Amino acid sequence: MKLAMIYSFLKNDLSSIETAVNETIQSDNPVLREASSQLLQAGGKRIRPVFVLLAGKFGDYDIERMKAVAVSLELIHTASLVHDDVIDESELRRGEPTIKSRWDNRIAMYTGDYIFARSLENLSALENPRAHQILANTMVELCLGEIEQIKDKYNLDQNLRTYLRRIKRKTALLIAASCRLGAIAANVTPREEKALYQYGYYVGMSYQIIDDVLDFTSSEEELGKPAGSDLLQGNITLPVLYSMEESDYRKRLEELFNRKDQLNPEDIKPLIERIKINDSIPRALNLSDRYLKKAYESLDKLPPNRAKQTLKGIAKYIGKRRA
């Protein structure tokens with residue numbers, strides 16, 4: 001089953017959000033307008049707006065309030081991708097040329113900044129200071145996660161704790177905020193808001209771990225970018241972290257990182273193949289499953305409705321995701 005089928009009953013509301021997202025990033029400047037639209041037109045799962053809407057179903061669901069939150073969160077996610085591509089020097093995103101490859105780094109960075117600004121402007125429609133504070137704090141953590149990733153590139157002195165803290169900031173907190181802000185916009189009870197936030201956090205951690213696994217196990221066509229891109233860029237993800245427990249693997253990786261400026265995809269192929277046959281992938285997936293188990297437990301605190309079943313379905317889909 002495709003992911004979109006799980007939440008198909010939200011189709012009309014998601015279509016409304018998609019239109020609003022595109023309208024929000026329009027600009028009188030032709031370069032800024034085209035650059036801003038490029039990544040959105042390349043598609044995407046729009047999973048953050050989905051979480052906003054589903055969280056809202058536990059309270060006073062109003063599509064205009066939901067839309068204000070959902071659009072802002074999708075734009076923050078989009079802006080972070082634009083900046084990511086500059087930092088990682090990525091040429092492809094979702095199988096299409098990145099903004100930095102089509103224009104340059106300066107255009108990409110200002111485009112990302114512009115999308116961030118439009119996100120904050122859009123949320124002003126929601127008159128709730130607490131919601132604005134949560135969004136601001138989430139953006140701070142997102143930036144810290146990006147800085148940590150830059151700082152730790154090609155650094156072999158990392159452990160599980162540093163990895164989990166980084167993916168928490170880079171991925172999980174924005175998904176958790178999507179659930180929480182959707183709940184706040186719908187005036188959900190504090191107990192249910194907390195449960196939704198916890199669900200989003202645990203699902204987000206699982207989602208990123210599986211993303212890091214797929215970087216080694218999926219094809220370039222499935223990923224929309226070359227397989228093993230994270231390792232080539234010096235990012236130590238969970239499968240690599242586990243593989244580094246083997247002294248010869250760590251030694252070989254250290255040798256390659258010592259000449260990082262000359263690295264090419266052929267150099268890291270043996271390391272990728274090693275990851276595919278050792279126990280690092282099953283171990284990473286096991287940790288992902290433990291986070292998903294906690295996500296299910298968080299849902300037990302919520303009243304039964306269609307949204308709850310849908311959140312369970314999404315968690316199950318994420319656990320089985322292979323592309």
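The model shown is predicted, which means the values in this text are computed figures rather than measured ones. Residues take their numbers from the sequence shown, with the count starting at 1.
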Distance-only check: which donor-acceptor pairs under 3.5 Å involve side-chain atoms of residues 51-61, not counting sequence neighbours?
from, atom 1, to, atom 2, distance (Å)
Asp60, OD2, Arg65, NH2, 3.3
Tyr61, OH, Asp13, OD2, 2.6

May I ask you to say whether [X] pairs ionically with [Y], meaning some side-chain N is under 4.0 Å from a carboxylate O?
| X | Y | value |
| --- | --- | --- |
| Lys251 | Glu254 | no |
| Lys293 | Glu297 | yes |
| Glu193 | Arg130 | yes |
| Glu245 | Arg283 | yes |
| Asp157 | Arg250 | yes |

Practice task
Fit a plane to each ring of His83 and Phe116, take the angle between them on a 0 to 90° scale, and name the class: parallel (under 30°), tilted (30 to 60°) or perpendicular (over 60°).
Solution key: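 His83 and Phe116: tilted rings.
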Practice task
Evaluate the side-chain hydrogen bond (donor to acceptor under 3.5 Å, both in side chains) criterion for residues Asn122 and Ser72: first the C-alpha distance (whole Å), next the side-chain angles of each, then the deciding distance (0.1 Å), finally the verdict.
Solution key: CA-CA 6 Å; Asn122 180 79; Ser72 290; 3.1 Å; yes
Practice task
Using the test salt bridge (charged side-chain N to carboxylate O under 4.0 Å, His left out), find all partners of Glu23 that sit at least two apart in sequence or belong to another chain.
Solution key: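 Partners of Glu23 by the salt bridge (charged side-chain N to carboxylate O under 4.0 Å, His left out) criterion come out as none, since no residue qualifies.
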Practice task
Using salt bridge (charged side-chain N to carboxylate O under 4.0 Å, His left out) as the criterion, list what pairs up with Arg118, not counting sequence neighbours.
Solution key: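 Here the qualifying residues are Glu121.
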Exercise for the section: Check step by step if side-chain hydrogen bond (donor to acceptor under 3.5 Å, both in side chains) holds for Asp289 and Asn286. Expected result: CA-CA 5 Å; Asp289 287 343; Asn286 178 262; 5.5 Å; no
Exercise for the section: Any side-chain hydrogen bond (donor to acceptor under 3.5 Å, both in side chains) involving residues 300-311? Give me the pairs, sequence neighbours left out, ordered by first then second residue. Expected result: Gln198-Lys301
Problem - With sequence neighbours excluded, residues passing side chain to side chain donor-acceptor pair (under 3.5 Å) with Glu255 - result: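 Listed in chain order: Arg252.
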Between [X] and [Y], is any side-chain donor less than 3.5 angstrom from a side-chain acceptor?
| X | Y | answer |
| --- | --- | --- |
| Gln208 | Asp212 | yes |
| Asn137 | Gln133 | yes |
| Asn278 | Ser243 | yes |
| Arg169 | Gln149 | no |

Handout entry: Members besides Tyr110 in its Ile/Leu/Val/Met/Phe/Trp/Tyr cluster (side-chain heavy atoms under 4.5 Å)
Key =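 Traced through the cluster, Tyr110 reaches no other member.
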Problem - Non-hydrogen atoms of Thr162 and Gln158 that approach each other most closely - result: OG1-CB, 3.6 Å
